[in-house]
J.: 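For reference, the structure I am asking about is given below.
Hydrogens, waters and symmetry mates play no part in the numbers below; they use all other heavy atoms, side chains included. Below, chain A is the first sequence line, B the second, and so on; all start at residue 1.
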Amino acid sequence: MTKKMTLHLRIWRQPNPHTPGRFVTYTIRDVSSDMSLLELLDVLNEELIKKGEPPVEFDSDCREGICGTCGFLVNGVAHGPKRGRTACQQYLRDFKDGETITLEPFRAKAFPVIKDLVVDRSALDRIMAAGGYISVNTGSAPDANSIPIPKEIAEQAFDAAACIGCGACVAACPNASASLFVSAKIAHLALLPQGQPERIRRVLRMVEQMDKEGFGDCSNHGECEAVCPKNISIKHIAIMRREYLRALWSL
Amino acid sequence: MATAIKLDSKVPSGPLESRWTRHKDQLKLVSPTNKRKYTILVVGTGLAGASAAASLAELGYNVKAFCIQDSPRRAHSIAAQGGINAAKNYRNDGDSIWRLFYDTIKGGDFRAREANVYRLAELSVNIIDQCVAQGVPFAREYGGLLDTRSFGGALVERTFYARGQTGQQLLLGAYSAMMRQVDAGRVTLYPRREMLDLVVINGQARGIVCRNLITGELESYVGDAVVLCTGGYGNAYFLATYAKNSNATAIWRCHKRGALFANPCFTQIHPTCIPVTGDYQSKLTLMSESLRNDGRVWVPKKKGDTRPPNEIPEDERDYFLERKYPTYGNLAPRDIASRAVKAVCDEGRGVGATGRAVYLDFSDTIREKGIEYIKEKYGNLFEMYQHITGEDPYKVPMRIYPAVHYTMGGLWVDYNLMSTIPGLFVLGEANFSDHGANRLGASALMQGLADGYFIIPYTIGDYFANTTLPKVSPEHSAFKESLADVHRFLTKLLSIKGNKTVLEFHRELGMILWDYVGMARNAQGLQIAIEKIRKLREEFWNNLKVPGDNNMLNKNLEMAGRVADFLELAELMAIDALHREESCGAHFREEYQTPDGEALRNDEQFCYVAAWEYTGDLGKPELHKEPLVFEFVTPTVRSYK
Ligand code: SF4
Ligand code: FES
């Protein structure tokens, strides 16, 4: 049932990458429990603008959990308390009336803070450019049904392909590793027959780029899987390791 | 300022089936070594933009790709749920290119060009091949072959899908193809850049001015052609299923630089979205049309029946879509279903707290096929519904209501996808080309990819081969002027220092459009809308409050620019809706309906594309008409009964 709530937001404010940030607490009264957490930030920002104070900058776009644009730490958890969801899919009904909610940007060396809750995740794109694709020029594809793929394999590939590139796994990892993200792409393509020809090159190059970007190593904490809004399983990291070893052996 | 623009659609002649092939054969080519000398600016990296950037780079062109998102993978195409049509006829259910063509042109209520729509249907087949080769994990059957399902407005199963995330998977395919070209050094990415002006030199599109959204810096980019793939303008309505940052700024600024804007009043309202719950609401969420395959839409027969749905016995329910449209039933096209939903709610039979909702009920299918069947097909959609509403749709029927979802109108383009400004090409939802007055489900992805993968790579070469392009530098006076214009515009927004926020203006504009330029329109309402929009625009420029300044990340300033443009475009939408004195597709004029309340077209007077020219006076755009000629199909009354 819908109810009215009062919430305190303790938010990381940082005007730019070069100025140190700090937490500032705001109170918002009488908001509907049906509201989303990002809508609460919208409401706060409207109040701040009216008062002549700088609004809180945060990234969001689809607001339905699919684009991967949103993301920050909510009470220390990437994306927030409800697991398997992005920040934009957290609703106030899942918080307690009167609660103080702490919001801070994803913390990782490879994700520098730009402003307030906004970080730079372009490192993930550079990893994709290093090999997250199947090389097939437009127009050169055979008939789609000429490559039958067993349903189970297609489903497994899909489970991996569902990654939205939000970077929560990195933020949750004590080593700030991007292993879950990278392994999801490697597993997706390694599972499919179309992905075979570039299997070796792909894993070697993507892993190399991941290291270059300053992401840490994976030491099996499993925090990544716990926060992943798309429930990408940590077993993909095992697949990536296998693929990597296999690639090294074949060199 | 009106010029003697003559609209030449460049539609080839001859038999429909061979038009595109013959046209391609006649297009001039650029040699591989010369391709390297051309730079193409691709703006927007959704399905159309990413596929165009990848394909053009593969051919050897230099591509610069711009997007407002932090990563090109996040463009709004990603949100498309249900699927993509292709006339593969893998099911042997009688599908064919002709049938897809016919369904699409009929679905668009005979307000699109035959040749364009036929080409789209033809290319649909290649798209699926391309995407599968890229590793897109489409749904498959146990035999390992591709699965399909049916969608609104069709009697065959031709919609390919990837769970409820087809757009995401197709976009990741196009994005990965583009990233491969980034790696190869042929595409340079410019994320977090917003195009704020088009630079036209000697009548040719030669560059763009962007704002770097992180630093606020204005940047000039020179190119030999500009390919606009910036999506639709549905966010003019404020509440819509579009991503929050989707906007019309790029197309609108091009319009003001001379590109004609076609059929701006053709905006699609999707029947199945999660209803509005409160005035804080920031956007609406679509529930895929594919759900109508297995869900049944109903309301109580009695007005004001407040019993919970499971307490309303079968014989007191009105399955109104099945009743009104027995052949298509719950799969009636979007415009028709939306109006039917509105009608029952207007009668006072709507459900939920606001009375502006109907049920989408899966209990019959769950009983017949089991919960697992539903989970596999629509699991993520059900989950999304539960996250947003806090209700479990496996137990209680979903509540849905129509919301703004897509815009068929857009910049006018010829058969080569070139606008009225030479060198400015427009692809995907940003153009007006293929969906007429109403788009059928699972056709947006198809069009975006057809334009990007298979059309622009051919037609842009012909433009280069036929055009002399003198060298220009960013020091050219046209760039300087454009930079100054944009700078002035931004400074003005910041200097008003009034009392109302961008969000407040945007909401108000949305309300005007929804009330008067929404699902049903009439002359009087449209006149009121025009008045109100003008007033609101004036207030905007006198009472807007934008925090911060220009030289930093400032999302409010970004929004202010976009809302300023929506406030102008909105007037054109209303003007177009007022001038089109007929009902067709999504454009329903209450004065023009059949006795049983269906759209009444007027082919005698309105069988044309309305392409509007900016004259410098927003209230007086000049209308150019491109007559629509039907040589192969006969426009009929669109019946789904
Ligand atoms: S693996 Fe999960 S948490 Fe990591 S980027 Fe992908 S979706 Fe986000
Ligand atoms: S805004 Fe798109 S996932 Fe949250």
J.: Measuring heavy-atom distances to chain B, does A:Glu155 have an atom under 4.5 Å in its side chain, in its backbone, in both, or in neither?
T.: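 Both parts, backbone and side chain.
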J.: Charged N to carboxylate O under 4.0 angstrom, B:Arg180 versus A:Glu198?
T.: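 Answer for the salt bridge query: no.
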J.: Could you check whether A:Arg121 pairs with B:Asp70 (Lys NZ or Arg NE/NH1/NH2 to Asp/Glu carboxylate O, under 4.0 Å)?
T.: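 Counted as a salt bridge, because a side-chain N and a carboxylate O are separated by less than 4.0 Å.
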J.: Taking side chain as C-beta onward, heavy atoms only, is A:Glu46 less than 4.5 Å from B:Val502?
T.: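 No, side chains not in contact.
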J.: Which answer fits A:Ser135, side chain, backbone, both or neither, if we ask what part of it has an atom under 4.5 Å from a heavy atom of chain B?
T.: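 Backbone plus side chain of A:Ser135, per the 4.5 Å heavy-atom cut-off to chain B.
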J.: For the CD1 atom of A:Ile114 and the CE atom of B:Met552, what is their distance to the nearest 0.5 Å?
T.: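 With rounding to 0.5 Å, CD1 (A:Ile114) is 13.5 Å from CE (B:Met552).
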J.: For residues A:Gln194 and B:Ala133, report the shortest heavy-atom separation together with the two atoms involved.
T.: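 Nearest heavy atoms, A:Gln194 then B:Ala133: CB-O, 3.7 Å.
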J.: Checking A:Asp159 against chain B: side chain, backbone, both or neither under 4.5 Å from a heavy atom?
T.: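 For A:Asp159, the contact with chain B is made by backbone and side chain together.
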J.: For residues A:Pro55 and B:Asn556, report the shortest heavy-atom separation together with the two atoms involved.
T.: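 Scanning both residues completely, I find the closest heavy atoms to be CG-ND2, 4.1 Å.
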J.: Measuring heavy-atom distances to chain B, does A:Asn45 have an atom under 4.5 Å in its side chain, in its backbone, in both, or in neither?
T.: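 No part of it gets close to chain B.
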J.: Is chain B contacted by the side chain of A:Val118, its backbone, both, or neither, given a heavy-atom distance below 4.5 Å?
T.: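 Just the side chain, heavy atoms under 4.5 Å.
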J.: Checking A:Ile147 against chain B: side chain, backbone, both or neither under 4.5 Å from a heavy atom?
T.: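 Contact with chain B: backbone and side chain both.
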J.: So does B:Arg140 pair up with A:Glu152, basic N to acidic O under 4.0 Å?
T.: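 Here B:Arg140 does not pair with A:Glu152 in a salt bridge, since their nearest N and O are not under 4.0 Å apart.
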J.: Under 4.5 Å heavy-atom distance to chain B, tell me which part of A:Ile66 shows up: side chain, backbone, both or neither.
T.: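 When you check distances to chain B, atoms from both the backbone and side chain of A:Ile66 fall under 4.5 Å.
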J.: Taking all heavy atoms of A:Thr138 and all of B:Phe454, pick out the closest pair and write down the distance.
T.: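 A:Thr138 and B:Phe454 have their closest heavy atoms at CG2-CE2, 3.7 Å.
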J.: With side chains defined as the heavy atoms from C-beta onward, is the minimum distance between A:His188 and B:Pro137 less than 4.5 Å?
T.: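 Result yes, sub-4.5 Å side-chain heavy-atom pair found.
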J.: Do you know which of A:Asp94, A:Ile149, A:Leu192 has the most heavy-atom pairs with chain B at a distance under 4.5 angstrom?
T.: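 It is A:Ile149.
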J.: Side chains of B:Pro547 and A:Pro54: closer than 4.5 Å at any heavy-atom pair?
T.: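 With C-beta onward as the side chain, the pair stays apart.
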J.: For the residue pair B:Thr277 / A:Asp34, report whether a side-chain donor-acceptor contact shorter than 3.5 Å exists.
T.: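 Note: A:Asp34 and B:Thr277 side chains miss the donor-acceptor criterion.
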J.: Might you point out which heavy atoms bring A:Ala144 and B:Ile128 nearest each other, and give the distance in Å?
T.: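 Nearest heavy atoms, A:Ala144 then B:Ile128: CB-CG2, 3.6 Å.
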J.: Would you mind checking which part of B:Asn499 comes under 4.5 Å of any heavy atom in chain A, side chain (CB onward), backbone (N, CA, C, O), both or neither?
T.: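 For B:Asn499, backbone heavy atoms alone lie under 4.5 Å from chain A.
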J.: Can you sort out the partners of A:Tyr91 under side-chain hydrogen bond (donor to acceptor under 3.5 Å, both in side chains), two or more places apart, ordered by chain and number?
T.: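 side-chain hydrogen bond (donor to acceptor under 3.5 Å, both in side chains) list for A:Tyr91, sorted by chain: empty.
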J.: Under a 4.0 Å N-O cut-off, is there an ion pair linking B:Arg192 with A:Asp120?
T.: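 No.
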J.: Tell me, side chain or backbone of B:Leu286 under 4.5 Å from chain A's heavy atoms, or both, or neither?
T.: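 It is the backbone, since no side chain atom gets that close.
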J.: If you look at every heavy atom in A:Val136 and B:Glu58, which pair is closest and at what distance?
T.: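 For A:Val136 and B:Glu58, the tightest heavy-atom pair comes out as O-OE2, 4.0 Å.
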J.: Atom CG in A:Asn145, atom CD in B:Glu141: separation rounded to 0.5 Å?
T.: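 Answer rounded to 0.5 Å: 8.5 Å.
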J.: Could you tell me whether B:Lys283 and A:Glu64 have a side-chain N and a carboxylate O separated by less than 4.0 Å?
T.: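 Looking at A:Glu64 together with B:Lys283, the answer is yes, because their closest N to O distance falls below 4.0 Å.
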J.: At a heavy-atom separation under 4.5 Å, does B:Met178 approach chain A through its side chain, its backbone, both, or neither?
T.: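 Neither; nothing under 4.5 Å.
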J.: So, A:Asp143 versus B:Tyr90: side-chain donor-acceptor pair below 3.5 Å or not?
T.: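 Per modelled atom types, A:Asp143 and B:Tyr90 side chains form a pair under 3.5 Å.
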J.: What heavy-atom pair brings B:Leu172 and A:Cys163 nearest, and what distance separates the two atoms?
T.: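 Taking B:Leu172 first and A:Cys163 second, the nearest heavy atoms are CD1-O, 4.1 Å.
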